[in-house]
Each structure stands twice: as C-alpha cells, then as structure tokens.
Novice: 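Below is a structure I'd like to ask you about.
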Amino acid sequence: MVLDRHDDVLHTHTALAAHHPPSGRITLHPGPGTTSETGLAHDLLAALGKPPLLPGRFPGGRQPAWEAATAWMTALPVTRLTVLRAHRLTARRTMRLLQLQARTGIHLTLVCHRPHLPAALHQALWTADYFLTADIEAARRHYYGTPIAEPPPPDEPATPASRWLTLPALDRLVSYDSSRPCATPCTPPPTAWRHRPPPVPLTAHTAQRVAQRLHTATAHPRLAAALAAALFTGASLQQLATARPRDYDDAAVTLALHDRARYTDGCAAHPVPPWAGVFLRAAACFTRLLSGEDQQLLAAPGDRRHLLHMAETARLRPPQPPTARRKGPAGRVEWDWRERQEAERYEAIPARRARPSQR
C-alpha cells in the first residue's frame, strides 16, 4: 500500500510510466465513472489491451468480466498490478482485487492519494497482510520490482491491422460436420492426418501478427482460443466444441479434439504451438472459474456468429472466391467458399450410365 499524502503528481506519473505489459507490469488508472465491480473489471481488461465487453449471453445476465480478467492475468506473463486512486474503491471492489491477487499470485500495489486510508479501504484490508509506505523510492520499487527495471524502450509501432491475413487453415471453420464430445473420458493418440493434409504451420512473423490481433480483438478467452486452435488444427467449429478443459494438457502442450464418427481423423491430440499456448491457458482458467470441467473449453456452435465477427475484427479470413464467383457483396467475407467448391465438384460428377446386365 502506497500512501500519497499530498496527491503528488510524481506518484501518478511514476506508476503510469511503469505500465508495460510485455514486461509483466500493469498500471490500472480507474476512470472517474467507475462505480461498480464490473466497471473495475472492464478497466482492468482495457489496461491489458483488450476491448472491455464480452460478446454473448451469460447466465443471469451477468457478464463474467472478473473471470475473464482473472483468466488473462493467469495466462499472460503479468507479475505486478498497480492500482491508482485506491481511496475511491469501495470495500467490495477492494476485495475483488485481493481475490484476484490470491488467485493469480501477482504483486498488488494500491495507491491511496490521501493522508489517511479511507474507512472502506481500511475495512477491506483488515485481514490482509500488507506493507504501508509513503516513500517515493520505495513506491517505485513496488511499481517496477526489485531491482528497479530500466524504463522500457518505446514500443515499436504495431503492424497495421487494416490488411487482411488470408489463412487457409480457416477453410473448414464453418463446416457442418457432426462431431460430438466423447461420453466417457478419452485419451486420444497424436493426430495422424490420414484423411486430410495438416494445416501449414504459421511462420514466426505471421504467428506474431495473428497473436497480436487476437489479443486486441476480444476479451473473451474462449473465442480467442477457438480461433487460435482452428489455425493449428484446421478443425471446424463443430469439432472444436468437443474439447473440454481436461482436453488441454498444459504439461504435454497438446489439445485433444474428439470425432467418434470419424468424419475426419477420429479423436486425436494436436500439438499446441508456443504462440497459441497463452490463449488455451486463458480459456482453461476461464472455463473452470465460470462453469467447471463439463463445459466447452472453446467456443460452442451457438457462438458461431460471435466467433466469425471476432475473426473479421482481427482481419483474419480463409481464402476468398474470385470476384466473378462471389455470392455476396464485395467486401463481405465468404466463410463457406471451400464448402461450396466441394459441393460444386460433387454435383459436376456425371452420373454413371447403367450398363445392361450380360447373361
């Protein structure tokens, strides 16, 4: 706990300068209109570089913003969280931050810009183990860590995300195969790719761009993880929905998808590339916090519209048809182009002429 007795601008500037997510440091400066627990979670998601709203419907109409923030804080390499204007926090919002600290193990620093702790903050901290300081150098060590990290170099300009990334691995995303999860625990073997070619691995540069776009396109861990998984498995949304939290093995770095009817390669375990691991870890944590082990790890078929909208927000799409063969208006992504191609090829096969039987 840092006590900024005179509301010195140096404290605020020092804490804000420490904000550098790639180095594991987040500084949260709640907006003046933040008056609810959910609003504070939205501010935290924004500090993590994510749009604060989660698409979709949720039980009871309650948006699981804290669960999403906790999942991302668990999966990302975040080690320190500094919260400014802590004197404005209610006891309930302070307790939310303390619960976040307990679940993620981050180093939490609250900055109170008043000569004394307000009653609500004092009440919330009654059972907490904390250290109080008013010294700016001690505060700096809390913001940056010990030893104090050098101020980070200016971030490189982000690659413009206005250009589409056309990714053949998304060809089957909207395929309507009928994969279902296994009713009993299943330990699939490594995928063998007997009936279809494996998706071409992303280059290091493309993987970096994809991960960057997914991080900023949605705060929903399941949607981000589903699209990431589609890129390294080439699976459809129907098959991605068969995965449960137990199907992601963080130690073996594999993701199991199920296909009892063998529409593709049967139940199989897919290696998870390093760039996609953070999304799978966030989705697993989010699902366990929200609904336990028996719910989808990734997006469900009912999330199809939200998933495609998120992909288009990130400017990620499958190969598109030639202009002359488009079914929709120019500029609209046609997700079913591969499916249409296959149907047209099937319809073009001439019927075999019946041969008279010879006796």
Side-chain angles (χ1 to χ4, degrees), residues 1-8 10-31 34-48 64-149 250 281-282 284-286 288-290:
M1 171 64 68
V2 173
L3 204 60
D4 175 16
R5 301 182 187 278
H6 306 292
D7 198 5
D8 190 342
L10 179 61
H11 272 279
T12 300
H13 285 178
T14 303
L16 291 175
H19 177 80
H20 192 245
S23 300
R25 302 190 300 271
I26 300 293
T27 300
L28 173 60
H29 196 179
T34 302
T35 58
S36 68
E37 294 174 63
T38 301
L40 185 62
H42 288 167
D43 285 345
L44 180 54
L45 289 170
L48 290 168
W66 276 106
E67 288 84 352
T70 302
W72 288 117
M73 294 284 282
T74 301
L76 291 167
V78 175
T79 57
R80 314 188 79 82
L81 172 62
T82 299
V83 182
L84 295 168
R85 302 292 155 191
H87 58 276
R88 293 179 176 174
L89 296 174
T90 62
R92 289 176 61 90
R93 280 181 278 163
T94 305
M95 288 302 299
R96 279 287 196 178
L97 290 169
L98 293 176
Q99 290 168 2
L100 176 71
Q101 189 278 330
R103 284 174 173 165
T104 62
I106 58 169
H107 183 282
L108 176 63
T109 301
L110 304 178
V111 185
C112 174
H113 306 267
R114 290 292 184 272
H116 306 284
L117 296 184
L121 196 57
H122 194 275
Q123 176 188 350
L125 294 172
W126 181 255
T127 59
D129 184 13
Y130 69 96
F131 171 77
L132 181 65
T133 184
D135 179 69
I136 182 61
E137 290 305 319
R140 191 191 305 272
R141 288 193 291 272
H142 285 290
Y143 304 152
Y144 281 94
T146 305
I148 296 176
D250 193 31
R281 289 193 294 273
C285 179
F286 179 74
R288 291 188 174 108
L289 288 173
L290 196 61

Novice: In sequence, state the C-alpha distance, the side-chain angles, and the governing distance for Asp7 and Arg85, and then conclude on side chain to side chain contact (heavy atoms under 4.5 Å, CB included).
Specialist: CA-CA 10 Å; Asp7 198 5; Arg85 302 292 155 191; 3.1 Å; yes

Novice: Just how far is it from atom OG1 of Thr127 to atom CE of Met95, taken to the nearest 0.5 Å?
Specialist: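 Rounded to the nearest 0.5 Å, the OG1-CE separation comes to 5.5 Å.
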
Novice: For a quick test of reading the model, state the closest non-hydrogen atom pair linking Cys112 to Met1 and the distance between them.
Specialist: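 Shortest heavy-atom contact: CB-SD, 4.2 Å.
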
Novice: Thr70 and Cys285: which non-hydrogen atoms are nearest, and at how many Å?
Specialist: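 Here Thr70 and Cys285 meet closest at O-SG, 4.4 Å.
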
Novice: What's the verdict on side chain to side chain contact (heavy atoms under 4.5 Å, CB included) for Thr90 and Glu37, showing C-alpha distance, side-chain angles and the deciding distance?
Specialist: CA-CA 9 Å; Thr90 62; Glu37 294 174 63; 5.7 Å; no

Novice: Nearest 0.5 angstrom please: Met73 CE to Thr79 OG1, how far?
Specialist: 9.0 Å

Novice: Report yes if the side chains of Trp66 and Leu44 come closer than 4.5 Å at any heavy-atom pair, otherwise no.
Specialist: yes

Novice: Taking all non-hydrogen atoms of both residues into account, name the closest pair between Thr27 and Ala18 and its distance.
Specialist: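 Taking Thr27 first and Ala18 second, the nearest heavy atoms are OG1-C, 4.3 Å.
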
Novice: Within the distance-only criterion (no hydrogens, no angle test), does the side chain of Gln101 pair as donor or acceptor with the backbone N or O of Ile106 below 3.5 angstrom?
Specialist: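 Here the side-chain-to-backbone pair exists.
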
Novice: Are the side chains of His142 and Leu108 in contact, using a 4.5 Å heavy-atom criterion?
Specialist: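 No, their side chains stay 4.5 Å or more apart.
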
Novice: How long is the gap from CG on Leu3 to CG on Asp135, to the nearest 0.5 Å?
Specialist: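 Result: 12.0 Å between the selected atoms.
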
Novice: Taking the side chain as every heavy atom from C-beta outward, state whether Leu89 and Arg96 have any atom pair closer than 4.5 Å.
Specialist: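 A side-chain contact under 4.5 Å is absent here.
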
Novice: Quick check: does any side chain N or O of Thr14 sit under 3.5 Å from a backbone N or O of Arg140, one acting as donor and the other as acceptor?
Specialist: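 Answer holds: no.
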
Novice: For Leu98 and Ala128, work out which heavy atoms get closest and say how close.
Specialist: CD1-CB, 4.3 Å

Novice: Does a side-chain heavy-atom distance below 4.5 Å link Ile136 with His11?
Specialist: yes

Novice: Tell me, do Leu76 and Pro21 make a side-chain contact under 4.5 Å, heavy atoms counted?
Specialist: no

Novice: Would you find a donor on one side and an acceptor on the other, under 3.5 Å apart, between the side chain of Ser23 and the backbone of Arg25?
Specialist: no

Novice: Apply side chain to side chain contact (heavy atoms under 4.5 Å, CB included) to the pair Val78 and Thr104, showing each step before the final yes or no.
Specialist: CA-CA 9 Å; Val78 175; Thr104 62; over 6 Å; no

Novice: Does any non-hydrogen side-chain atom of Tyr130 lie less than 4.5 Å from one of Leu110?
Specialist: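 Answer no - side chains too far apart.
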
Novice: Taking His87 for its side chain and His113 for its backbone only, find out whether a donor-acceptor pair lies under 3.5 Å.
Specialist: yes

Novice: Do Arg103 and Thr74 have side chains that approach each other closer than 4.5 Å (heavy atoms only, starting at C-beta)?
Specialist: no

Novice: List the steps, then state whether side chain to side chain contact (heavy atoms under 4.5 Å, CB included) holds for His19 with Ile26.
Specialist: CA-CA 5 Å; His19 177 80; Ile26 300 293; 3.9 Å; yes

Novice: Heavy atoms only: give me the nearest Ala65-Leu45 pair and the separation to one decimal.
Specialist: O-CD1, 4.2 Å

Novice: Find out whether Leu40 and Leu28 are in side-chain contact, i.e. whether some heavy atom of one side chain is under 4.5 Å from a heavy atom of the other.
Specialist: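 Touching, per the 4.5 Å side-chain cut-off.
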
Novice: Hey, what do you get for NE2 (His122) to NE2 (His116), rounding to the nearest 0.5 Å?
Specialist: 11.5 Å

Novice: On a heavy-atom basis, which atom in Ala282 and which in Ala75 lie closest, and how many Å separate them?
Specialist: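 Looking at all heavy atoms of both residues, the closest pair is N-CB, 3.5 Å.
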
Novice: Take a 6.0 Å sphere around CD of Gln123 and say whether it holds more than 12 heavy atoms from other residues, nucleotides or ligands.
Specialist: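 Not more than 12 within 6.0 Å, no.
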
